[in-house]
Amino acid sequence: GDTAFFAESTGGAIDCEALTPDASLGGELAVSDGALDITVDVGIETAELCYRFAGEAMVHYATVQLASYALSGPLARTFAVAGLAETVTFTGVGVKAGDQVKWVNASVSSCDGLPFAHAGTLPADESVRTAAYQTVRDGGATPFTFTAGLADLHLCYRFARPAAAGGGFEAWVLVPEITATAAAVSGPAYSLGVVGLTKVITLSAAERACGTGGAVR
């Protein structure tokens with residue numbers, strides 16, 4: 001049967017016969033009913049098709065192209081204070097204005113359901129399952145305002161498809177290596193101090209940048 005693989009674009013002709021198919025771009029695959037079932041392990045701006053009809057030489061088709069999007073940052077944990085806007089800048093292959101992001105509790109294993117408490121957008125044509133996502137802006141910058149505190153959050157990201165690929169969006173992808181903390185103080189609700197006496201107030205919080213309590217004289 002026919003086989004095919006994708007090779008990174010060189011801006012010119014590719015000698016497909018001389019190439020070893022790159023496993024990170026799916027390797028050489030059997031064509032089944034005109035379709036390739038491909039899984040790509042790296043982000044790449046442009047790859048081009050090498051195709052072999054059964055029993056024939058491998059031919060380069062420069063106009064049949066593949067792009068693979070991949071998120072690579074931020075690498076450092078995002079620290080945000082509930083109630084204050086925090087801008088997170090995302091990087092990677094294919095990151096662009098119009099992509100969508102949301103944060104979920106680190107205890108969940110998928111991007112299904114609601115995000116953790118942060119302000120966002122719910123278009124009329126979307127179900128509540130994708131409520132409160134944020135839209136990526138130019139340069140990957142994305143503002144978030146959390147409405148509650150949680151120590152450990154993981155990112156969910158979905159790439160917008162270009163018009164050439166039919167528009168719309170790819171599926172949500174959970175990116176557990178990109179993390180955030182939403183900090184908030186939740187208590188104690190009431191403390192009493194006496195003038196001249198030291199009172200230690202132990203604060204309850206999802207996360208504190210430093211210290212474990214405060215003293216009032």
Side-chain angles (χ1 to χ4, degrees), residues 1-76 78 87-104 110-111 121 123 125-126 130 133-144 154-179:
D2 297 356
T3 62
F5 66 88
F6 282 93
E8 186 172 0
S9 176
T10 63
I14 296 175
D15 184 357
C16 294
E17 279 289 324
L19 286 181
T20 298
D22 187 340
S24 68
L25 294 179
E28 187 167 357
L29 302 167
V31 180
S32 177
D33 296 326
L36 286 174
D37 188 0
I38 186 169
T39 301
V40 179
D41 298 327
V42 295
I44 189 168
E45 294 286 355
T46 309
E48 298 172 4
L49 183 70
C50 291
Y51 195 98
R52 184 193 309 277
F53 290 94
E56 301 295 333
M58 190 71 76
V59 178
H60 173 217
Y61 292 89
T63 58
V64 182
Q65 299 181 344
L66 169 73
S68 174
Y69 292 163
L71 197 63
S72 60
L75 298 178
T78 294
T87 296
V88 182
T89 300
F90 297 104
T91 58
V93 178
V95 171
K96 59 195 169 303
D99 292 350
Q100 295 172 349
V101 289
K102 60 182 178 180
W103 296 97
V104 297
S110 77
C111 292
T121 305
D125 61 350
E126 294 269 352
T130 57
Y133 58 73
Q134 288 285 31
T135 300
V136 176
R137 299 180 181 179
D138 289 338
T142 311
F144 290 92
H154 288 170
L155 184 77
C156 287
Y157 198 99
R158 67 174 177 177
F159 291 95
R161 296 192 198 101
F169 294 90
E170 294 294 325
W172 285 104
V173 176
L174 181 65
V175 192
E177 60 270 26
I178 297 182
T179 59

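None of the values given here were measured: they were computed from a predicted structure.
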Self-check item: Backbone N/O of Gln100 and side chain of Thr135: donor-acceptor pair under 3.5 Å
Solution: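 Side chain of Thr135 to backbone of Gln100, a donor-acceptor pair under 3.5 Å: no, none is there.
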Quiz item: For the side chain of Ser72 and the backbone of Thr91, is there at least one donor-acceptor N/O pair under 3.5 Å apart?
Solution: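 Looks like yes, one N/O pair under 3.5 Å.
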If you compare all heavy atoms of [X] against all heavy atoms of [Y], which two are closest, and at what distance to 0.1 Å?
{"X": "Ala141", "Y": "Thr87", "value": "CB-CG2, 3.9 Å"}
{"X": "Cys111", "Y": "Trp172", "value": "CB-CB, 3.6 Å"}
{"X": "Ala47", "Y": "Ile44", "value": "CB-CD1, 4.2 Å"}
{"X": "Phe144", "Y": "Val88", "value": "CD1-CG2, 3.9 Å"}
{"X": "Cys16", "Y": "Met58", "value": "CB-CG, 3.3 Å"}
{"X": "Gly27", "Y": "Pro21", "value": "C-CB, 3.9 Å"}

Self-check item: Stepwise side-chain contact (heavy atoms from CB on, under 4.5 Å) check, Leu19 with Phe5
Solution: CA-CA 10 Å; Leu19 286 181; Phe5 66 88; 4.3 Å; yes
I need the [X] [atom1] to [Y] [atom2] distance, nearest 0.5 Å.
{"X": "Leu71", "Y": "Ile178", "atom1": "CG", "atom2": "CD1", "value": "4.0 Å"}
{"X": "Glu8", "Y": "Ser24", "atom1": "CD", "atom2": "OG", "value": "9.0 Å"}
{"X": "Arg137", "Y": "Phe90", "atom1": "CZ", "atom2": "CZ", "value": "12.5 Å"}

Exercise. Dump the intermediate steps for side-chain contact (heavy atoms from CB on, under 4.5 Å) on Phe6 and Leu36, then the final yes or no.
Key: CA-CA 11 Å; Phe6 282 93; Leu36 286 174; 4.0 Å; yes
Validation row: [X], [Y] side chains within 4.5 angstrom (heavy atoms):
{"X": "Val40", "Y": "Ile38", "value": "yes"}
{"X": "Asp37", "Y": "Leu29", "value": "no"}
{"X": "Ser110", "Y": "Leu174", "value": "no"}
{"X": "Trp103", "Y": "Cys156", "value": "no"}

Exercise. Start with the C-alpha gap between Val42 and Leu25, add the side-chain angles, then the distance that decides, and say whether side-chain contact (heavy atoms from CB on, under 4.5 Å) holds.
Key: CA-CA 7 Å; Val42 295; Leu25 294 179; 3.9 Å; yes
Quiz item: Would you find more than 12 non-hydrogen atoms of other residues, nucleotides or ligands less than 6.0 Å from Glu28 atom CD?
Solution: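 Atom CD in Glu28 is crowded, with more than 12 foreign heavy atoms closer than 6.0 Å.
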Practice problem: Sorted by first residue and then second, give each side chain to side chain donor-acceptor pair (under 3.5 Å) pair with at least one member in residues 45-55; sequence neighbours left out. | Solution: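 Found Asp2-Tyr51, Ser9-Glu48, Glu17-Arg52, Glu48-His60.
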Self-check item: side-chain contact (heavy atoms from CB on, under 4.5 Å) against Ala160, all qualifying residues, sequence neighbours excluded
Solution: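 If we apply the side-chain contact (heavy atoms from CB on, under 4.5 Å) test to Ala160, skipping adjacent residues, the hits are Lys96, Asp99, Phe169.
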Quiz prompt | Residues in side-chain contact (heavy atoms from CB on, under 4.5 Å) contact with Ala18, at least two apart in sequence or another chain | solution =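 Partners of Ala18 by the side-chain contact (heavy atoms from CB on, under 4.5 Å) criterion, ordered by chain and then number, come out as Asp15.
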Quiz item: side-chain contact (heavy atoms from CB on, under 4.5 Å) between Thr179 and His154: does it pass, once the steps are laid out?
Solution: CA-CA 5 Å; Thr179 59; His154 288 170; 3.6 Å; yes
